[in-house]
Amino acid sequence: KEHWIDTIQPEEIRGGGLLKYSRLLASGYKPLYPAKLARMERYMCSRFFIDFPDIDKQGEVIEKYLAGHCSASRGTVECARTCYTYLMVLHRVIEQSTVCLMSH
């Protein structure tokens with residue numbers, strides 16, 4: 001069974017829904033409307049960086065998200081793989097969807 005992602009108005013969601021969206025992609029979900037993908041990801045990233053403007057807060061939010069969504073009950077190796085995959089997807093989405101004006 002295929003799983004789909006359909007995010008509506010990400011610019012109105014706190015953090016843009018970026019972290020959850022990346023987790024769903026890492027879990028094998030696919031965007032329902034691939035043609036809207038680039039625009040939607042830009043809105044998500046923009047809202048995330050508006051809501052969490054400094055790098056310390058961004059790191060804190062991502063760490064809390066990982067702590068809440070990476071269950072140690074699945075085993076340390078599997079949890080590490082899941083977190084790694086998630087972080088790589090998050091990095092790709094941010095890299096492809098933002099214009100960085102800061103040097104971090």
(request) Could you state whether Tyr43 and Leu18 fall into the same hydrophobic cluster, counting links through intermediate Ile, Leu, Val, Met, Phe, Trp or Tyr residues with side-chain heavy atoms under 4.5 angstrom apart? (result) no
(request) Decide yes or no for Met40 and Tyr33: does some side-chain heavy atom of the first lie under 4.5 Å from some side-chain heavy atom of the second? (result) no
(message) Walk me through whether Met44 and Val93 qualify under side chain to side chain contact (heavy atoms under 4.5 Å, CB included).
(response) CA-CA 9 Å; Met44 288 178 180; Val93 171; 5.8 Å; no
(message) Within the structure provided, determine whether Ile13 and Thr7 are in side-chain contact (heavy-atom separation under 4.5 Å).
(response) yes
(request) To the nearest 0.5 angstrom, please state how far the NZ atom of Lys36 sits from the CG atom of Asp6. (result) 5.5 Å
(message) For Asp51 versus Gly15, what's the shortest heavy-atom pair and its separation?
(response) OD2-N, 2.5 Å
(request) Measure the spacing between CD1 of Ile62 and SG of Cys83 and express it to the nearest 0.5 Å. (result) 12.0 Å
(request) Please check if Leu87 and Phe49 belong to a single hydrophobic cluster, counting links between Ile, Leu, Val, Met, Phe, Trp and Tyr side chain heavy atoms closer than 4.5 Å. (result) yes
(message) Between Glu95 and Arg92, does any side-chain N to carboxylate O distance fall below 4.0 Å?
(response) no
(message) Once rounded to the nearest 0.5 Å, what's the spacing between atom OG of Ser22 and atom NE2 of His91?
(response) 11.5 Å
(request) For the residue pair Leu37 and Lys30, establish whether any side-chain heavy-atom pair is separated by less than 4.5 Å. (result) no
(request) State the CG-CZ distance between Leu90 and Phe48, to the nearest 0.5 angstrom. (result) 7.0 Å
(message) Determine whether a donor-acceptor pair (N or O, by modelled atom type, separation under 3.5 Å) exists between the side chain of Gln58 and the backbone of Phe52.
(response) yes
(request) Can you measure from NE2 (His69) to OG1 (Thr82) and round to the nearest 0.5 angstrom? (result) 12.5 Å
(request) Measure the spacing between CZ of Arg23 and OH of Tyr65 and express it to the nearest 0.5 Å. (result) 3.5 Å
(message) Quick check: is Leu66 connected to Leu25 through a chain of hydrophobic side chains (ILVMFWY, heavy atoms under 4.5 Å apart)?
(response) yes
